Chemist: 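Questions regarding the structure given below will be posed in turn.
By convention here, the first residue in the shown sequence is residue 1. Note that the structure is a prediction, hence the values are computed from the model and not measured.
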Amino acid sequence: MSIMTDSNHTASCYANTSTPYSYSPGINKVDYSATFSTLGLVSNLIAFIVLIKSFKQTKNHSRSFFLIFLGGLVVTDFMGLLVTGSFVISFYVTRVDWSKSDPACHFCNFMGMSMVFYGLSPLLLGATMATQRFIGINHPFASSSKMTKRRTTSMMLMVWFVAGSISLLPLAGFGSYHIQTPGSWCFLNMTPKTSDWGFALLFSLVGLISIATSILLNTVSVVTLLKVYCGAERRQRSRDHEAEMMLQLILIMTIATVCWCPLLIYILMRSLTLPASDGMLLFFIRIATWNQILDPWIYIMIKVCKLRRVTNCIYQKCHGTA
C-alpha cells in the first residue's frame, strides 16, 4: 500500500518525495527488532551497574570525571534503544499505518527527533570526552584545578542540549522528518528543498566533525602517553589510570567511526546531490544502531579483563624487560 502524493490530502511526513516510502508491515519480522533491542538494553543496563561500582571504588579524580561521561553515554544509548525500539516493535506487532492513525505527524516527528538526538549525542559525547582527556593528559595541572563533578555534569548536559536543539530544528521550519519504508520509523526528509538538504548536511557534518575531532585529539593523547610510558618508571606508574581511560576512549571512537561513518557519508552525499543508492538508508541505519549495543561491552570487558595488565605490558616492552 503506497501513500498518496497529493499534498492537499497527505501530510508532508507521509507524502512521497525524493525519499520513497511504501507501507510494508511484512518486510521484516518482530523477532529481529525485539532481539536487537533487548540485547542492547540488557547490555547497557549491565554496563551501567559496572560503571556505578567502578565510580564508588575509584579514588582518582580524573577517572571519576571520566566515569561520569561514560555513565552519560550509557544512559543515552539505553534511552535511544528504549524509545526507538518501542516504536519499531509496536509497528511490527500492531501493523499500524501511521499515515492513518497519526495524520498530524506527531509520532513521526517525535521518532525523527529521537533518531537525530540519540544519534548525535553519543558522537558529541565522544568528542567531548576526547577533549577532556586531551587537556587532562597534556595539561594535567590546569585540568585538575578546573575540572569538578559539577562542571563535568554541566558539560554533559550541554551536549544533550546541543543535540536536542538540532533535533528540534525541523519543528521550527528548518528541515523536516519523513516516514521511511516499511513504515516503522521516521528520519530526515532528504529532498532538493533548501531547508531539507541543509538540515541533512548539518546532521552529517556535526557527526563527521565530532568523529574527526575524536580521532585527532585521541591520537595526540596516545602519542603523549606513549612518550610517558617509555620514559622514567616513576612517571609511568603515576599514569596507569590514564592509559586505561585512553584505551576505553580509543575503543569507543573506533566503534563509533565504523558504525556511523557509512550513514553520515551517505547522508552527506545525498545532501550534496551526489549519486547514492536510495535502498541503502535502512542498511546504514542498522549498522549505526549497533554502536548502542557494542559500546557497553567495552566497559564490561575492561572490568572483567583487568586492563591494568595491559599497561604493565606496554611499559615492559618500552623498557625491554621480560
Chemist: Say whether L226 and L216 are linked into one hydrophobic cluster, either directly or through other cluster members, by side-chain heavy-atom distances under 4.5 angstrom.
Modeler: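 Looking at the clustering, L216 is in a separate group from L226.
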Chemist: With a 4.5 Å heavy-atom cut-off, do I166 and L202 have their side chains touching?
Modeler: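 Sidechains of L202 and I166: in contact.
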Chemist: Would you please indicate yes or no on a ring centroid separation below 6.0 angstrom for F203 and F187?
Modeler: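 Ring-ring flag for F187/F203: true, centres closer than 6.0 Å.
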Chemist: Do you know which two heavy atoms are closest between W160 and G72, and how far apart they sit?
Modeler: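 In this case the closest contact between W160 and G72 is CZ2-O, 3.6 Å.
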Chemist: Minimum heavy-atom separation for D77 and N291, please, with both atom names.
Modeler: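 In this case the closest contact between D77 and N291 is OD2-O, 4.4 Å.
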Chemist: For M158 and T128: C-alpha separation, side-chain torsions, deciding distance, then whether side chain to side chain contact (heavy atoms under 4.5 Å, CB included) applies.
Modeler: CA-CA 10 Å; M158 181 59 66; T128 304; over 6 Å; no
Chemist: Going by heavy atoms in the side chains, are L249 and F66 under 4.5 Å from each other?
Modeler: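 Side-chain contact under 4.5 Å: yes.
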Chemist: Verify, without hydrogens or angle tests, whether D102 (side chain) and F107 (backbone) share a donor-acceptor contact under 3.5 angstrom.
Modeler: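 Looks like yes, one N/O pair under 3.5 Å.
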Chemist: Quick check: does any side chain N or O of N109 sit under 3.5 Å from a backbone N or O of L171, one acting as donor and the other as acceptor?
Modeler: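 No: the side chain of N109 does not pair with the backbone of L171.
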Chemist: Any side-chain heavy atom of I211 within less than 4.5 Å of one from L264?
Modeler: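 Yes, at least one pair of side-chain atoms sits under 4.5 Å.
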Chemist: Using the side chain to side chain contact (heavy atoms under 4.5 Å, CB included) rule, take V88 and F36 through it: C-alpha gap first, then chi angles, then the decisive distance, then the call.
Modeler: CA-CA 11 Å; V88 174; F36 181 90; over 6 Å; no
Chemist: Flag yes if M280 and V258 sit in one hydrophobic cluster, no otherwise; membership is Ile, Leu, Val, Met, Phe, Trp, Tyr, and two members link when side-chain heavy atoms are under 4.5 Å apart.
Modeler: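 Not linked; separate clusters.
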Chemist: Just to verify, which of L73, I46, L67 counts as forming a side-chain contact (heavy atoms from CB on, under 4.5 Å) with Y299?
Modeler: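 Single pass found, and it is L73.
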Chemist: Assess the cysteine pair C186 / C108: is their SG-SG separation shorter than 2.5 Å?
Modeler: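 With an SG-SG separation under 2.5 Å, C186 and C108 do form a disulfide.
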Chemist: Can you name the closest pair of heavy atoms from V83 and S114 and give their distance?
Modeler: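 Minimum heavy-atom contact is CG1-OG, 3.6 Å.
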Chemist: What verdict does the side chain to side chain contact (heavy atoms under 4.5 Å, CB included) test give for L188 and V116, after you've listed the backbone C-alpha separation in whole Å, the side-chain angles of each residue and the deciding distance to 0.1 Å?
Modeler: CA-CA 8 Å; L188 311 179; V116 170; 3.8 Å; yes
Chemist: Once rounded to the nearest 0.5 Å, what's the spacing between atom CD of Q132 and atom CZ of R151?
Modeler: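 The CD atom of Q132 sits 11.5 Å away from the CZ atom of R151.
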Chemist: Going by atom types alone, do W185 and T84 pair a side-chain donor with an acceptor below 3.5 Å?
Modeler: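 The criterion, which ignores hydrogens and geometry beyond distance, is not satisfied for T84 and W185.
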Chemist: If hydrophobic clusters are built from ILVMFWY residues whose side chains come within less than 4.5 Å, do I52 and F78 share one?
Modeler: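 Yes.
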Chemist: Verify, without hydrogens or angle tests, whether D295 (side chain) and V74 (backbone) share a donor-acceptor contact under 3.5 angstrom.
Modeler: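 No, D295 side chain to V74 backbone: no donor-acceptor pair under 3.5 Å.
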Chemist: Could you go through residues 118-126 and list every donor-acceptor pair under 3.5 Å that involves a side-chain atom there, pairing it with any protein atom two or more places apart or in another chain?
Modeler:
residue, atom, partner, partner atom, Å
S121, OG, F117, O, 2.8

Chemist: Kindly indicate, with the supporting measurements, whether the criterion side chain to side chain contact (heavy atoms under 4.5 Å, CB included) is fulfilled by I252 and M129.
Modeler: CA-CA 10 Å; I252 292 171; M129 292 164 66; 4.2 Å; yes
Chemist: Using the ring of each side chain (for Trp, its six-membered ring), is F110 parallel, tilted or perpendicular to F87, with breaks at 30° and 60°?
Modeler: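 Tilted, since the angle between the ring planes falls between 30° and 60°.
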Chemist: Can you tell me which residue pairs pass the side-chain hydrogen bond (donor to acceptor under 3.5 Å, both in side chains) test with a partner in residues 200-221, sequence neighbours excluded?
Modeler: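 Not a single pair qualifies under side-chain hydrogen bond (donor to acceptor under 3.5 Å, both in side chains).
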Chemist: What I'd like to find out is whether the side chain of T257 reaches to under 4.5 Å of the side chain of W260, using heavy atoms alone.
Modeler: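 Of all side-chain heavy-atom pairs linking W260 with T257, none is under 4.5 Å.
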Chemist: For R270 and M190, work out which heavy atoms get closest and say how close.
Modeler: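 That closest heavy-atom pairing would be NH2-O, 3.5 Å.
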Chemist: In Å, rounded to the nearest 0.5 Å, how long is the span from CD of Q292 to CG of L82?
Modeler: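 Q292 atom CD to L82 atom CG measures 11.0 Å (nearest 0.5 Å).
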Chemist: Treating Ile, Leu, Val, Met, Phe, Trp and Tyr as nodes and any side-chain heavy-atom pair under 4.5 angstrom as an edge, say whether I49 and L70 lie in one connected cluster.
Modeler: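 In one cluster: no.
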Chemist: Does one hydrophobic cluster hold both M269 and L272, with members joined at side-chain heavy-atom distances below 4.5 Å?
Modeler: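 Per the 4.5 Å side-chain linkage, M269 and L272 are co-clustered.
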Chemist: Kindly compute the distance separating CG (L282) from CG (L263), expressed to the nearest 0.5 Å.
Modeler: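 Atom-to-atom, L282:CG and L263:CG are 11.0 Å apart.
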Chemist: Give me the atom names and distance for the closest heavy-atom approach of S37 to L81.
Modeler: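 Here S37 and L81 meet closest at OG-O, 4.5 Å.
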Chemist: Sub-3.5 Å donor-acceptor pair from the side chain of S271 to the main-chain atoms of L268, do we have one?
Modeler: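 Checked: pair present.
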Chemist: Can you see which heavy atom on V96 is nearest to which on S101, and at what distance?
Modeler: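 The answer is CG2-OG, 3.3 Å.
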Chemist: To the nearest 0.5 Å, tell me how far R133 CZ sits from L225 CG.
Modeler: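 Between atom CZ of R133 and atom CG of L225 there are 9.0 Å.
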Chemist: Using 30° and 60° as the class boundaries, would you call the ring planes of Y177 and F199 parallel, tilted or perpendicular?
Modeler: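 Ring orientation, 0 to 90° scale: perpendicular.
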Chemist: So, taking the atom named CG in L51 and the one named CD1 in I68, what distance separates them when rounded to the nearest 0.5 Å?
Modeler: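 If we round to the nearest 0.5 Å, L51:CG and I68:CD1 are 11.0 Å apart.
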Chemist: What's the spacing between F174 CZ and D196 CG if we round to 0.5 Å?
Modeler: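 Answer for the CZ-CG pair, F174 versus D196, is 9.0 Å.
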Chemist: Which residues pass the side-chain hydrogen bond (donor to acceptor under 3.5 Å, both in side chains) test with W290, not counting sequence neighbours?
Modeler: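 Applying side-chain hydrogen bond (donor to acceptor under 3.5 Å, both in side chains) to W290 gives none.
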